[in-house]
Amino acid sequence: MKNLLNLLLGVTFLLGMASCNKTDSNATDTLPQGENTVLSIQGVTSTTQVKSASIASIPTISLSITGKDGSTIGTATLTQAKIAVKEIQFSMPDSEIDNEAKKEQEDEVEFKGPFIVDLITDSVTPELKPVALIPGTYTGIKLKLDKIEGNETNEDDGSALATEKDSIYQHSIYLEGTYTGTIQQVQYQNIPFTVKYDMDKEINFNTAGTKGFKVALDSMNNVIVAFNLDDWFNFSNRETNPDQVDFSDLTVQTDANGDPFIVIEKTEEQSDVNAAVQEVIEHNLEMSTRYGKDEDHDGQLGNKEDDETSNDNGE
């Protein structure tokens with residue numbers, strides 16, 4: 001009888017151990033215990049990621065303007081390049097969403113804004129705080145752009161995120177600087193150059209056929225989103241410019257003193273050509289982003305660190 005009792009106790013113990021080791025597909029205790037992922041957003045160009053300070057010590061970034069035939073027709077030197085981001089969300093491939101915790105995370109917004117991103121200084125206001133992500137592979141990032149209305153609050157200090165004095169006010173994208181190059185066969189030198197958008201737009205980085213990036217629980221994961229500003233002004237891309245609009249066809253305006261300037265903005269007064277140019281820039285923006293994990297911790301997104309794919313915005 002004693003031997004039988006010992007046998008039953010042994011079987012009960014083994015069953016208990018097996019139950020503890022079994023993976024519950026509906027488990028909700030796989031959420032990380034602390035913040036393990038940091039996100040940064042950067043503005044880069046095709047040739048270099050180094051920013052300069054050549055205009056009265058103000059940080060600048062210079063980018064090439066590419067015509068529809070693939071030739072360089074000019075250069076824009078930006079002193080301001082800002083975007084307003086409403087929220088940022090990460091996503092896993094469907095094949096990895098195998099428990100309730102991951103399902104819940106798919107519906108969550110990791111970074112709730114709005115945020116103002118300076119693509120020249122690579123700074124974000126308010127600061128992007130580290131977040132806790134479930135370990136695994138992430139193959140998608142979604143950014144929602146939305147214009148700044150003026151009633152938003154900076155969570156860092158409670159102040160207004162932007163006022164009427166700020167260039168990004170009432171805009172979702174704002175670029176300002178100078179342009180040197182050819183417009184309608186006329187050569188211009190350092191004329192004022194401004195691009196403005198007030199659009200509400202969702203940008204989905206490709207979530208299909210991409211290697212994405214892996215998040216580990218035992219280390220800090222530095223993820224970078226990089227906007228290539230050269231690509232915004234590449235008019236040789238037939239996919240984003242099927243009508244073969246050319247930047248050099250822009251209408252140049254003059255101020256009260258007769259000095260030329262360029263403004264690309266969606267208004268009733270904007271010429272049809274300028275409106276078409278603005279639309280191409282918008283499509284280029286959607287295709288200009290790369291993302292990945294900064295494996296070598298150098299603060300830049302290397303060619304071997306990005307997702308190696310173009311974007312898929314469902315358009």
Side-chain angles (χ1 to χ4, degrees), residues 41-47 49 61-76 78 81-85 117 119 139-147 171-177 179 181-184 193-210 224-251 262-267 270-292 301 303 306-315:
I41 305 176
Q42 302 177 349
V44 302
T45 66
S46 299
T47 56
Q49 293 182 324
I61 185 170
S62 294
L63 50 101
S64 298
I65 310 294
T66 303
K68 65 181 181 181
D69 62 355
S71 64
T72 300
I73 63 174
T75 301
L78 302 180
K82 297 180 180 180
I83 60 174
V85 178
V117 182
L119 296 176
T139 54
I141 299 181
K142 183 193 309 180
L143 265 71
K144 288 187 177 180
L145 304 182
D146 199 5
K147 72 175 181 179
H171 299 107
S172 53
I173 300 173
Y174 185 87
L175 310 180
E176 181 180 300
Y179 171 76
T182 303
I183 300 290
Q184 296 190 15
F193 173 71
T194 308
V195 182
K196 307 175 186 179
Y197 288 88
D198 61 1
M199 63 184 179
D200 179 357
K201 194 169 192 66
E202 186 174 283
I203 302 178
N204 292 308
F205 301 166
N206 197 340
T207 58
T210 168
I224 296 175
V225 170
F227 286 90
N228 189 320
L229 298 176
D230 278 332
D231 288 348
W232 290 17
F233 295 90
N234 184 354
F235 287 75
S236 67
N237 188 337
R238 292 293 183 94
E239 185 177 353
T240 58
N241 185 17
D243 296 330
Q244 290 293 276
V245 177
D246 206 356
F247 184 88
S248 63
D249 293 333
L250 275 172
T251 299
I262 297 172
V263 174
I264 302 174
E265 182 182 17
K266 187 177 292 184
T267 64
Q270 180 164 253
S271 71
D272 291 341
V273 173
N274 286 33
V277 166
Q278 185 180 39
E279 186 173 343
V280 173
I281 295 172
E282 179 180 336
H283 291 320
N284 282 339
L285 180 151
E286 297 166 5
M287 304 293 288
S288 72
T289 36
R290 300 185 301 124
Y291 72 92
L301 187 60
N303 292 331
D306 67 11
D307 65 341
E308 296 181 342
T309 66
S310 60
N311 296 329
D312 178 8
N313 290 280
E315 297 184 355

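Here the structure is a predicted model, which is why all the values come from computation and not from measurement.
Annotation: salt bridge (Lys or Arg N to Asp or Glu O under 4.0 Å) contacts of Glu279 (sequence neighbours excluded): none. Not counting sequence neighbours, the partners of Glu282 by the salt bridge (Lys or Arg N to Asp or Glu O under 4.0 Å) test are Lys201.
Closest approach of Glu286 and Thr289 over heavy atoms only: O-OG1, 3.7 Å. Nearest approach of Phe247 to Ile264, heavy atoms of both residues: CE1-CD1, 4.2 Å. Of all the heavy atoms in Met287 and Thr240, the pair that sits closest is CG-CG2, 3.7 Å. Nearest heavy-atom pair across Leu63 and Thr45 is CB-CG2, 4.4 Å. Residues Asp246 and Gly67 approach most closely at OD1-CA, 3.4 Å, considering heavy atoms. Shortest non-hydrogen contact noted between Ser172 and Asp146 is CB-C, 3.7 Å.
A donor-acceptor pair under 3.5 Å is absent between the side-chain atoms of Tyr174 and the main chain of Ala84, judged by distance alone. A donor-acceptor pair under 3.5 Å is formed between the side chain of Asn241 and the backbone N or O of Phe235. Asp230 places a side-chain N or O within 3.5 Å of a backbone atom of Ser64 that can act as its donor or acceptor partner. The main-chain N or O of Ser71 is found under 3.5 Å from a side-chain atom of Asp69 such that the two form a donor-acceptor pair. Between the Glu176 side chain and the Thr194 main chain, no donor and acceptor come within less than 3.5 Å of each other. With hydrogens and angles disregarded, no donor-acceptor distance shorter than 3.5 Å links the side chain of Asp198 to the backbone of His171. Distance alone, capped at 3.5 Å, places no donor-acceptor pair between the Ser248 side chain and the Thr182 backbone.
Checked against Ile61 for a side chain to side chain contact (heavy atoms under 4.5 Å, CB included), the options Leu229, Leu175, Leu119 give a single hit: Leu229. Applying the side chain to side chain contact (heavy atoms under 4.5 Å, CB included) test between Val117 and each of Leu145, Val85, Ile173 identifies Val85 as the sole match.
Within the 4.5 Å cutoff, the side chain of Asn284 has heavy atoms near those of the Val280 side chain. Under the 4.5 Å side-chain criterion, counting only non-hydrogen atoms from C-beta, Trp232 is not in contact with Val195. Using a 4.5 Å heavy-atom cutoff, the side chains of Lys68 and Arg238 are not in contact. Side-chain contact between Val225 and Ile141 is present, with at least one heavy-atom pair separated by less than 4.5 Å.
Between atom NZ of residue Lys144 and atom CD1 of residue Ile203 there is a gap of 12.5 Å, rounded to the nearest 0.5 Å. Summarising the geometry, atom NZ belonging to Lys142 is positioned 5.5 Å from atom CG belonging to Asn204; distances are rounded to the nearest 0.5 Å. Separating the CD1 atom in Ile65 from the CD1 atom in Ile73 is a distance of 7.0 Å, to the nearest 0.5 Å. Between atom CD of residue Gln42 and atom CZ of residue Phe227 there is a gap of 11.5 Å, rounded to the nearest 0.5 Å. Here the OG1-CG distance, from Thr66 to Asn234, works out to 4.5 Å after rounding to the nearest 0.5 Å. Between the CG atom in Leu285 and the OH atom in Tyr197 there is a gap of 7.5 Å [rounded to 0.5 Å].
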With side chain to side chain contact (heavy atoms under 4.5 Å, CB included) as the test, would you mind laying out the steps for Thr75 and Phe233 before giving the verdict?
-> CA-CA 10 Å; Thr75 301; Phe233 295 90; over 6 Å; no
Do Ser288 and Asn228 pass the side chain to side chain donor-acceptor pair (under 3.5 Å) test, and can you show the C-alpha distance, the side-chain angles, and the key distance before you say yes or no?
-> CA-CA 5 Å; Ser288 72; Asn228 189 320; over 6 Å; no
